[in-house]
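Read the structure below first, then the notes.
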2 protein chains.
Amino acid sequence: MGKQPLNLRNVKLTLSFDGTSFSGWQRQKNARTIQGELEDKLAIMTGEQTVVHGAGRTDAGVHALAMTAHFATSATISCFAFRRGLNSMLAESIRVQQVEDVDLSFHSRISARAKAYQYFFTTDELLPPCRRLYCAHLPGPFDMDRVACCLPYILGQHDFTSFEATGSRDREKTCGRGAIREIFAVSLSPVARPAREYVFEICGDGFLRKMVRNIVGTLIEVGQQRMTVNDFAGLLARKDRNLAGPTAPACGLFLKKVYYEEGCPAA
Amino acid sequence: MGKQPLNLRNVKLTLSFDGTSFSGWQRQKNARTIQGELEDKLAIMTGEQTVVHGAGRTDAGVHALAMTAHFATSATISCFAFRRGLNSMLAESIRVQQVEDVDLSFHSRISARAKAYQYFFTTDELLPPCRRLYCAHLPGPFDMDRVACCLPYILGQHDFTSFEATGSRDREKTCGRGAIREIFAVSLSPVARPAREYVFEICGDGFLRKMVRNIVGTLIEVGQQRMTVNDFAGLLARKDRNLAGPTAPACGLFLKKVYYEEGCPAA
C-alpha cells in the first residue's frame, strides 16, 4: 500500500443479501452486483470512490446471512450514520446489519479464519413456490443415511481439487496453500417443514470456487443412488473434478457467517 | 345451474402459490392473477373455457400453501395428466399439488367448513432480505405477552364487523350470517430463527374481507403499546372498523389450509 492520509479509517461492514437478482458479489460493467451497489452508495455518501473488499466473491444467485466486507475512507461519517444512510439508499434485498471502525490491519478476506455456509435443497417432486428462490430443487428418492456416511470423509485437511470449479484458480487468493483447505464441521439435517427439505451445513478455513455447491451436487448423487459411498470416499485422493457430481444450483446456497480471530470454530 | 352434459366432471385442485407477483386470486383484465393463469392453462389443455372457482379470493401479494378450487369440464384428461400438464405450463410461482375428481355437489367455497391462515411478521429493526417477500416488517419494541392476553377474546362466535374491510360486503358470500364468524383456534408463537420473527395462526369457519390482516394489525398495536388489552377486548362489541388498528401488509399472509367435512377442526 502507498502513503495514506493520517485520518484514513478502515470500516468493516456486516451485511445480508438476497442474491436472486444480483450477478454475484463482484463489481461488473452493465450488471447489478452487491459490491457495485455498496460502492455506488458509499460514493454518494462520502464523495470518494472507494473499493469495498468482500470476504469472498459469492456467485450470481447466492445469498448471504452475514457477509463481511471492509473499505477505506477519510470521511468523518459515524458508523451509525453509515448504517442508516446505506440502508435508506440500498434496495431491501441488501441490508447492512453492522458498521464498525476496525484496525487498519483488518482485511475482510485475509483476516478471515473460517466461513460457514448453509445449503437448502428439497428432494420432493414439487418445489414449494415460496421456497423456490432459496432452496434448490433436486427431486428423486433420497437416502439421507447414505449421505451421512460420506460426511466424515470431508472433515479435516484435504486437497479439494476434486470439488474445485474447472478453470484457472485465482492464485492471489490461495495464500500458498494450493487447493488444501480444512473443514471443521459438516452436517446434513432435515428441515422441520416443508417435508423433504434438507439443510447441509459446512464450516471451514476457506473454500475453493464453487466448492460447496460441488460437494452438495456430489452428495446428492450418493443420496439418489447414482454414486456409492465408497466412490465418494475415494474422490478427494483422486484430485479429479471430472469424477465428482454436478454443481448444485446457486439459489440454495447461503453464506452464513465469516469468523475472525474471536469465536473462530478452528480455535 | 342449467342442463349439463352427462359426462360433465367436477375437478378439485389443491395448489400453492407465491402471491408476490400476482394481483390476487380473482381474474382481472390486464393483470396477472392466479385464477386467470389457471383458467388460461386449462383452456389450452381442454379446449374449453372454464371458470376455476376458488375457496376464497386472496388479495394481491397474499400467498397460499394449500388453496383449493374446482372447475367443471367434459374433458377426459386424467387427474394425473391435468396435474402434470398444469405444472409444466404454469410459472414456478404456482404449483398444483393435487387434482381429484369429486362429486358434482362439491363447491370449493360453499362446501368449505374451515380455513386456516398463518401470518408472519418481524418486529426487528431490519427486515432480513430473504424474508422480505414472506414476512411483514412491523419494527418496534414488541410485548408478546400483551398480545397473548388478547387472543381469547377472538375465539368463538362473534360479529367481526370491527375487523372487516370498509366498503360493501359481498352479500352473495355471507350465506345469511352477516359478519358473524366462528374462530376455532388462534395462537402467536416466536419463529425459531431469525430472532424477532413471529407467526400468528388462526382457524375459523370463514373470514371477512381483510379480516386476518386487520386482526394482526390491531394485535400489533397492542404488542407495541399503542392500544391496551382492555381496548382490544371491547372492540368486537363496538362493531366499528374505525376503532381497530391498520391493515397489516399482504406479504405476511399465507392461506394454510381449507378444511372440508373430513378432518374439520370444527367437528
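Residue numbers begin at 1 in each chain, while the letters A, B, ... track the order of the sequences.
Between B:His70 and B:His53, the ring-plane angle classifies as parallel under the 30° and 60° cut-offs. B:Tyr198 and B:Phe142 have tilted rings, their planes meeting at an angle from 30° to 60° on a 0 to 90° scale. Under the 30°/60° scheme for interplanar angles, the aromatic rings of B:Phe82 and B:Phe71 are found to stand perpendicular.
Residue B:Arg132 touches chain A through its side chain alone, counting heavy-atom pairs closer than 4.5 Å. Of the two parts of B:Leu127, the backbone and the side chain both hold a non-hydrogen atom closer than 4.5 Å to a non-hydrogen atom of chain A. Heavy atoms closer than 4.5 Å to chain A are found in the side chain of B:Leu133, but not in its backbone. Heavy atoms closer than 4.5 Å to chain B are found in the side chain of A:Glu125, but not in its backbone. In this structure, chain A has a heavy atom under 4.5 Å from the backbone of B:Phe17, while its side chain stays farther away.
When the candidates B:Arg131, B:His137, B:Arg83 are compared by the number of heavy-atom contacts under 4.5 Å with chain A, B:Arg83 comes out ahead. In terms of heavy-atom pairs under 4.5 angstrom with chain B, the leader among A:Ala64, A:Ser93, A:Cys130, A:Pro128 is A:Cys130.
More than 12 heavy atoms of other residues, nucleotides or ligands shown are found within 6.0 angstrom of NZ on A:Lys12.
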Evaluation steps, side-chain contact (heavy atoms from CB on, under 4.5 Å), between B:Leu126 and A:Val96: CA-CA 9 Å; B:Leu126 296 183; A:Val96 176; over 6 Å; no

Trace of the side-chain contact (heavy atoms from CB on, under 4.5 Å) decision for A:Ile34 with A:Leu15: CA-CA 10 Å; A:Ile34 313 290; A:Leu15 57 138; 4.0 Å; yes

